[in-house]
Number of protein chains: 2
Amino acid sequence: MAKLDQTNQKILRELCRDGRVSNLDLADRVGLSPSACLRRVQELERSGVIAGYRAVLDKAKLGVGFVAYVTVGLNRHTKDAQEAFERAIARAPEVTECHNITGAVEYLLRVEAADLGAYKSFHTDILGTLPQVNAITSYVVMGSPKDDRA
Amino acid sequence: MAKLDQTNQKILRELCRDGRVSNLDLADRVGLSPSACLRRVQELERSGVIAGYRAVLDKAKLGVGFVAYVTVGLNRHTKDAQEAFERAIARAPEVTECHNITGAVEYLLRVEAADLGAYKSFHTDILGTLPQVNAITSYVVMGSPKDDRA
DNA sequence: GTGAAAATGCGGAAATATCGCAACAAATGG
DNA sequence: CCATTTGTTGCGATATTTCCGCATTTTCAC
């Protein structure tokens, strides 16, 4: 595993802020020559510390006007039931996250939809029709004062 | 606002998969000449549909071995109390997301820590000491079968 | 059809990434 | 204390890519 000295931490911070910064600029900001900087970045990529790069899209401008977190409880706790549920979730484009959590219910989902109507369709026609699903509780997101993963 | 024809959708899909793909490769994949492709990307950036680019880090390799979602209820529902709470959250590096939600409690947080011990410290020393905080419930993430925002 | 507006492809100049190489620094062992 | 090894750095040359002007083609409304 690559060691995380102060320079590598700076590199990661800059790349999280702007994943498309040129190697020349990046080298400037972290105080290295371009070649030394490039080698560090390549090592961070090779070792998997940098898992990849992504464009961050403005969901609102793509028609997403409704976000909710949804807890889901299953009626059976078998491996089969969980796998079937997770397969169905993988197919649903509205679901951007699915976490297996501790507590009274098994799953926490993040669901993105165009509007309340679109969410209702998802709630009724997709989640509601899955035979493994027992309990559904929706928490509508009114705002996100902090979202470092956006 | 930029129109989202099929080509632009392809571009966005590719850039979400690999935000650092070269314009030459991207043009190939979406079936355009490099110059036409570059112009579309620049327009998507200018219009804000592409909000930016980020490196995706492997949190596990950075020492994050514990993730939890935490619901927080406040004891006062004044604007002041909310703002004070949100300021405190903004300062806490363990909190990667803070959502204002509908339901029995006001907030849903995503918290990342090195391990259970580090989380306990955060829970006790940070969250527990905020005067506005009334109820705290933790849901430990055991796995994330789907996480498009990772 | 016809004209206006937008999108496209081409080509070249400028900027950038990439890699070999030698110098340097920090640890290791005698 | 010195020699050796290992890892990192900066430099410079080359290959690649970005970026922009320009002419052509396509699209669309009338």
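In what follows, every heavy atom counts, from backbone to side chain, and hydrogens, waters and symmetry copies are set aside. To find a chain, count down the sequence lines: A is the first, B the second, and so on, and within it residues start at 1. Quick caveat: nothing in here was measured; it's all calculated off a predicted structure.
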Between [atom2] of [N] and [atom1] of [X], the distance in whole Å:
X	N	atom1	atom2	answer
Leu38(A)	dC19(C)	CG	P	8 Å
Glu43(A)	dT8(D)	CD	P	8 Å
Arg39(B)	dA5(C)	CZ	P	17 Å
Glu45(A)	dT18(C)	CD	C1'	13 Å
Leu4(B)	dA7(C)	CG	P	13 Å
Ile11(B)	dT8(C)	CD1	C1'	13 Å
Gln6(A)	dT8(D)	CD	C1'	17 Å

Taking the side chain of Arg40(B) as its heavy atoms from C-beta onward, which of dG10(D), dA7(C), dC19(C) lies nearest to it? dA7(C)
Determine whether Ile101(A) and Met142(B) satisfy the following criterion, side chain to side chain contact (heavy atoms under 4.5 Å, CB included), listing intermediate values before the conclusion. CA-CA 6 Å; Ile101(A) 58 172; Met142(B) 296 185 288; 5.8 Å; no
Is a side-chain donor-acceptor pair under 3.5 Å present for Glu94(B) with Tyr119(B)?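 No pair is found: no donor N or O on one side chain lies under 3.5 Å from an acceptor on the other.
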Pull out every residue in residues 20-32 of chain B that has a heavy atom closer than 4.0 Å to any atom of DNA chain C, ordered by number, or say none. Leu32(B)
Are the charged groups of Asp148(A) and Arg54(B) less than 4.0 angstrom apart, N to O? no
First locate atom CZ of Arg40(B), then atom CD1 of Ile50(B), and finally report the distance between them rounded to the nearest 0.5 Å. 12.0 Å
Going through the distances and angles, do Phe85(A) and Tyr107(A) end up as a ring pair (Phe, Tyr, Trp, His ring centres under 6.0 Å)? CA-CA 10 Å; Phe85(A) 175 73; Tyr107(A) 290 101; 4.7 Å; yes
The criterion is ring-ring contact (aromatic ring centres under 6.0 Å, His included); which residues satisfy it with Tyr69(B), sequence neighbours excluded?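 With sequence neighbours excluded, Tyr69(B) shows a ring-ring contact (aromatic ring centres under 6.0 Å, His included) to His99(A), given in chain and number order.
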